[in-house]
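Any value given below was found using the heavy atoms of this structure, including those in side chains, with hydrogens, waters and symmetry copies removed.
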Amino acid sequence: MANMFALVLVIATLVTGVLWCIDKFIFAPKRREKQAAAQAATDGALDAKTLKKVGPKPGWMETGASIFPVLAIVLIVRSFIFEPFQIPSGSMMPTLLIGDFILVEKFAYGIKDPIFQKTLIETGHPKRGDIAVFKYPKDPSLDYIKRVIGLPGDRITYDPSTKELTIQPNCSSGQACGSALPITYSNVEASDFVQTFERTTGGEASSGFWQLPQNQTKDGGIRLAERKESLGSVTHRILTVPIAQDQLGMYYQQPGQPLATWVVPPGEYFMMGDNRDNSADSRYWGFVPEANLVGKATAIWMSFEKQEGEWPTGVRFSRIGGIH
């Protein structure tokens, strides 16, 4: 089921829509009749201001009917065209930063009803390399954003040492896989981002990400490594922590497959964050059903300089525009 805001928006639109219809088709004609009778009785001597006082519209009716068009437009745009989202974590860095506000194209993966999210009209399917928003399979009340890495039938292998992917398409059950997808990586370079690791009073580890020139550092910080990853025709940047290596025991192990290898089932997708060592994704909890897809991220419409869980400290106007 869609989130509470969508449900409230639908109910509010329906209620105000009913009020608008009642006023337009029942009360408005009666008001016009009364006003016409009053004009006739006074030989047309009443001005427009005086006429409004003849059979006045109740305040609650006027308010409800007047906000219906606004709510209807918001509902249509938000449910079927574009919906705004905020990036709350650094899992998609350097492509998306904490504090980015993005627009998600809702019709990219199908027209869905706003309440139960059932597909009404199919318009397309995710492509490898898309940045997709989806309902987290373990808790559908949460919206996640990751990059689409594996399509149905793909065999995905991730090497936690080299931090590189191997993708073999068309690996349906009982059949030989197709040729591996051409995936290339650029040389590893120092990125513009430093990650700090701290301990809170409760002993929990927390982290922050800071964009700093190469000649600057931060206490307790590690400069992240960056390289370009090309998935076929789609090229994007990824970040890694030089000293970090995944613990294979935490990976989701698909039945019948070795660790760090997954075959994407029909109608599902394999998602990963671009900040590879700071992303809880399909490596850890499995696949995303197509029914959980919300839409495709297409643009950044506002960006605030901030850390996770903290208040903004500035605006990053240079980030406004398309997502690359």
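Side-chain atoms of Q117 do not come within 3.5 Å of backbone N or O of N292 as any donor-acceptor pair. Proximity of a side-chain donor or acceptor of R237 to a complementary backbone N or O of K228 within less than 3.5 Å is not detected. Checked by atom type and distance alone, the side chain of D159 never pairs as donor or acceptor with a backbone atom of E164 at under 3.5 Å.
For the pair R276 and D281, the salt-bridge criterion is not met [side-chain N within less than 4.0 Å of a carboxylate O]. A salt bridge does not link K112 to E122: none of the charged side-chain nitrogens sits closer than 4.0 Å to a carboxylate oxygen. Using a 4.0 Å cut-off between a side-chain N of Lys or Arg and a carboxylate O of Asp or Glu, D246 and R283 qualify as a salt bridge.
Atom CD of Q216 has more than 12 neighbouring heavy atoms from other residues, nucleotides or ligands inside a 6.0 Å radius.
Between F304 and F101, the gap from one ring centroid to the other is short of 6.0 Å. The ring of F80 has its center no closer than 6.0 angstrom to the ring center of F107.
The side-chain contact (heavy atoms from CB on, under 4.5 Å) with I131 is formed by just one residue from the set H236, M92, K296, M271; it is M92.
Residues passing the side-chain contact (heavy atoms from CB on, under 4.5 Å) test with I98 are F209, K306, E308, sequence neighbours excluded. Listed by chain and number, the residues in a side-chain contact (heavy atoms from CB on, under 4.5 Å) with T63 amount to none (sequence neighbours excluded). Residues passing the side-chain contact (heavy atoms from CB on, under 4.5 Å) test with Q253 are L259, sequence neighbours excluded. For T184, the side-chain contact (heavy atoms from CB on, under 4.5 Å) partners two or more places apart in sequence, or in a different chain, are S230.
A side-chain N or O of Y109 and one of D130 form a donor-acceptor pair less than 3.5 Å apart. For the 3.5 Å distance criterion, the side chains of Q195 and N278 qualify, holding a donor opposite an acceptor. Counted by atom type alone, D100 and S303 present one or more donor-acceptor pairs between their side chains at under 3.5 Å. Residues S282 and W262 have side chains that never bring a donor and an acceptor to within less than 3.5 angstrom of each other.
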Please table the atom pairs, donor to acceptor, closer than 3.5 Å between any side-chain atom in residues 4-23 and protein atoms at least two apart or in another chain.
unit_1 : atom_1 : unit_2 : atom_2 : d
T13    : OG1    : L9     : O      : 2.7
T16    : OG1    : A12    : O      : 2.8
T16    : OG1    : T13    : O      : 3.2
D23    : OD1    : R31    : NH1    : 3.0
D23    : OD1    : R31    : NH2    : 3.1
D23    : OD2    : K57    : NZ     : 3.3

Under 3.5 Å, side-chain donor or acceptor atoms of residues 83-91 against the rest of the protein: list the pairs with distances, not counting sequence neighbours.
unit_1 : atom_1 : unit_2 : atom_2 : d
E83    : OE1    : K106   : NZ     : 2.8
E83    : OE2    : R78    : NH2    : 2.9
S91    : OG     : K146   : NZ     : 3.1

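Considering CG of L224 and CZ of F193, their distance stands at 8.5 Å, rounded to 0.5 Å.
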Criterion salt bridge (Lys or Arg N to Asp or Glu O under 4.0 Å) on K135 and D143, from CA distance to verdict: CA-CA 5 Å; K135 300 295 182 183; D143 292 313; 2.9 Å; yes
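The aromatic rings of F287 and Y252 stand perpendicular to each other, their planes meeting at an angle above 60°, with 30° marking the opposite boundary.
For K218 and W210, the positive end sits near the middle of the six-membered ring, less than 6.0 Å away and at most 45° from its axis.
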